Asker: 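Submitted below is the structure of interest, expressed as structure tokens.
Not measured: the values here are computed from a predicted model. Every chain is numbered from 1 and lettered A, B, ... according to where its sequence line falls, protein lines coming before strand lines.
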Amino acid sequence: MPIQILLENFSGPLDLLLHLIKTNEMDIYDIRIMEITEQYLSIIEQMKQLDLDVAGEFLLMAATLMHIKSRMLLPSSEEIEEEEGEDPRAELVRRLLEYQRYKEAARLFENMPQLQRDYFTGLVRAADYLELEDAADEEITVGIYQLAEAFHQVLSNRPKEVFHEVVRESLSVAQYIRRLSARLAERKRMAFHECFSPEASRIELVVTFLAMLELVKMRMINIEQMKEFSEIWLTLVVAPEQLDQLSAVEDALGYE
Amino acid sequence: MNNLKQLVEAFIFAADGPLSLDRLCALLEQPRGLVRPVVEELMQEYQLSARGFRLFEIAGGYQFRTLPDFAPYLRRMAKERSVKFSQAALETLAIIAYRQPVTRAEIEYLRGVDSGGIVKSLLERNLLRILGKKDVPGRPLLYGTSRQFLEFFGLRDLNDLPTLKEFAALDPELAEAEPLAPEGT
Amino acid sequence: MNNLKQLVEAFIFAADGPLSLDRLCALLEQPRGLVRPVVEELMQEYQLSARGFRLFEIAGGYQFRTLPDFAPYLRRMAKERSVKFSQAALETLAIIAYRQPVTRAEIEYLRGVDSGGIVKSLLERNLLRILGKKDVPGRPLLYGTSRQFLEFFGLRDLNDLPTLKEFAALDPELAEAEPLAPEGT
């Protein structure tokens with residue numbers, strides 16, 4: 001019997017399972033796991049045949065069901081019973097019951113009277129006529145989320161020239177070239193990601209990267225990668241003593 | 001003392017949200033013992049008289065609101081359509097309301113699906129707040145409901161939430177994690 | 001007909017400004033001849049009873065307002081409404097919270113506008129404190145957040161401030177946002 005079901009009508013795999021249990025008139029504490037698994041899989045299969053996206057969560061549940069099924073098929077020798085103790089379905093049942101509870105709560109919430117839908121209240125009425133100085137300035141109720149969000153906004157609206165300015169002021173590329181080449185002289189070979197300290201600010205990251213490029217340009221280091229997306233390695237290609245020449249070229253870099 | 005009742009009524013009326021008894025006392029410079037009976041008398045008066053709005057006790061304070069019975073008419077006037085919650089949003093809100101403080105991972109375990117986007121939009125609507133971080137590796141954020149959540153649903157406090165049907169938990173561990181009386185406000 | 005009076009009262013109460021008779025009639029789908037006497041009856045009722053607010057005819061419409069006698073008290077409440085923030089104040093506070101210790105110049109650099117007035121008002125609200133002076137020419141003051149700031153936001157300490165990464169993780173679109181943790185403590 002073909003079951004006409006659209007996954008998007010379900011808020012998740014637990015919702016779908018509950019639906020199947022209900023339509024099959026099963027006892028939630030004693031799910032007929034073979035039947036349910038079969039139906040669940042056929043729904044997923046149908047979706048795939050219709051070329052519809054099946055969210056990963058639904059596939060994960062399919063795997064869980066098959067796993068439970070396989071455990072149910074094991075001969076139930078008493079030893080195993082004692083060892084494993086729990087019915088293989090127990091965790092799923094628990095999750096279903098718990099989920100069912102919140103699904104029910106969601107329905108209650110939907111029906112609870114809501115502000116601006118069932119209750120109305122005149123908003124900020126005093127400001128209308130008490131001639132408040134700041135009535136025009138729209139104010140917001142804040143929590144930590146709003147605070148963090150505001151900081152995020154500031155950062156994304158940050159003036160573009162920030163890099164140049166700070167680079168010139170406090171972090172010289174020349175300085176980073178020296179630092180990077182000194183570390184390379186010590187280690188001969190370094191992974192790309194090791195060059196960037198995890199605490200570095202975005203500006204430091206940019207300057208470190210610029211320093212790296214300068215070293216490549218001066219043919220002091222070599223950059224190699226074995227295959228796409230694998231680690232990039234930096235190798236010093238000159239004798240460490242030659243690094244002393246660096247200070248001579250520094251002025252020519254134009255970073256100051 | 002009739003004047004005090006009028007003033008209490010004016011304050012509650014003009015406030016931009018539920019006005020708590022403490023705040024009311026501070027504004028009036030009067031003790032609770034004097035103010036509380038006045039508020040209660042007012043509530044009773046509104047309850048008994050057939051007015052278009054009533055005095056409700058909400059989110060730890062007092063506020064005038066229209067009766068839900070009139071909502072179908074009043075909705076005609078509302079400029080913005082109230083946003084309807086999706087099933088997923090209501091489920092998430094319910095889990096957070098009953099289980100707070102709760103982490104995103106816990107919500108997702110209970111729902112069986114990724115819930116990050118929904119949590120974010122509930123945070124943006126001010127219905128949630130961050131209660132701190134959980135003392136487990138990674139220190140994930142703990143979510144709970146906000147005062148606006150109470151205002152939105154017209155609840156006095158979290159104890160006003162409808163009681164959920166109990167179920168026989170199979171796992172004693174889970175049963176222990178059940179203190180459904182949510183903490184704080 | 002009592003129901004109509006309640007409904008008229010509810011409409012006027014819930015409107016966000018004076019409600020004209022025409023609009024009221026349209027909303028109620030009732031003729032002026034029926035609605036006008038009801039409004040007048042309501043006005044009379046409020047006039048006669050000693051309430052904290054009354055129904056006034058204003059700017060071609062009807063509106064509930066508190067009695068002018070109460071204005072001095074109500075202004076007191078309006079002044080205290082300052083648990084809320086303007087966007088500018090919030091931005092400034094956020095910069096200080098995440099970047100402390102920070103100078104005024106650094107705040108202004110990030111915001112791109114003068115922030116002296118806002119810093120001053122945040123100081124007055126006890127949300128900030130001065131941490132010392134920066135060792136640079138001019139020795140500008142260094143600002144940080146205060147204990148009251150933590151209390152206000154319900155944080156145990158500054159480590160409780162969520163990192164931006166945690167919010168970015170809620171929203172796949174933001175996942176690439178800068179993972180900026182609060183610097184120092």
Asker: Among the options B/L123, B/D69, B/T92, B/L128, pick out the one with the most heavy-atom pairs lying under 4.5 Å from chain A.
Answerer: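 Result: the option with the highest number of such pairs is B/L123.
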Asker: What is the minimum heavy-atom distance between A/M112 and B/L155, and which atoms define it?
Answerer: SD-CD2, 4.4 Å
Asker: Looking only at side-chain N and O atoms, does B/Q87 offer a donor or acceptor that is under 3.5 Å from a partner on A/S11?
Answerer: no
Asker: Checking heavy atoms, do the side chain of B/L67, its backbone, both or neither come under 4.5 Å from chain A?
Answerer: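 Looking at B/L67, just its backbone touches chain A.
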Asker: If you measure from CD on A/E98 to CG on B/L164, what distance do you get to the nearest 0.5 Å?
Answerer: 9.5 Å
Asker: Tell me, for B/E124 versus chain A, whether the close heavy atoms (under 4.5 Å) come from the side chain, the backbone, both or neither.
Answerer: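 Backbone plus side chain of B/E124, per the 4.5 Å heavy-atom cut-off to chain A.
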Asker: Examine distances only and state if a side-chain atom of B/R75 and a backbone atom of A/D118 form a donor-acceptor pair shorter than 3.5 Å.
Answerer: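 No.
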Asker: Determine, stepwise, if the pair B/K84 / A/E110 fulfils side chain to side chain contact (heavy atoms under 4.5 Å, CB included).
Answerer: CA-CA 9 Å; B/K84 219 173 147 354; A/E110 171 69 44; 3.4 Å; yes
Asker: Please say whether more than 12 non-hydrogen atoms of neighbouring residues, nucleotides or ligands are located less than 6.0 Å from OH in B/Y73.
Answerer: no
Asker: Determine whether A/R101 and B/Y98 satisfy the following criterion, side chain to side chain contact (heavy atoms under 4.5 Å, CB included), listing intermediate values before the conclusion.
Answerer: CA-CA 10 Å; A/R101 208 155 163 246; B/Y98 285 96; over 6 Å; no
Asker: Please tell me if the side chains of B/R65 and A/F120 come closer than 4.5 Å, counting only heavy atoms from C-beta onward.
Answerer: no
Asker: Other residues, nucleotides and ligands only: do more than 12 of their heavy atoms fall within 6.0 Å of CD on B/Q44?
Answerer: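 12 or below, so no.
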Asker: For the atom pair CD (B/E151) and CG (A/L115), what is the distance rounded to the nearest 0.5 Å?
Answerer: 7.5 Å
Asker: May I ask you to decide if A/Y102's main-chain N or O and B/E91's side chain share a donor-acceptor pair within less than 3.5 Å?
Answerer: no
Asker: Please confirm whether the ring centroid of B/F56 lies under 6.0 Å from the ring centroid of A/Y119.
Answerer: yes
Asker: Which bit of B/F149 comes within less than 4.5 Å of chain A, counting heavy atoms only: side chain, backbone, both or neither?
Answerer: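 Contact with chain A: side chain only.
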Asker: Just wondering, do A/E57 and B/D114 contact through their side chains at under 4.5 Å, heavy atoms?
Answerer: yes
Asker: Mind listing the closest non-hydrogen atom pair of B/P68 and A/P113 along with its distance?
Answerer: CG-CB, 4.4 Å
Asker: Which atom names give the shortest non-hydrogen contact between A/L14 and B/G112, and what distance separates them?
Answerer: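 So the minimum-distance heavy-atom pair works out to CD1-N, 4.0 Å.
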Asker: So, for B/F85 and A/F109, is the gap between ring centers shorter than 6.0 Å?
Answerer: no
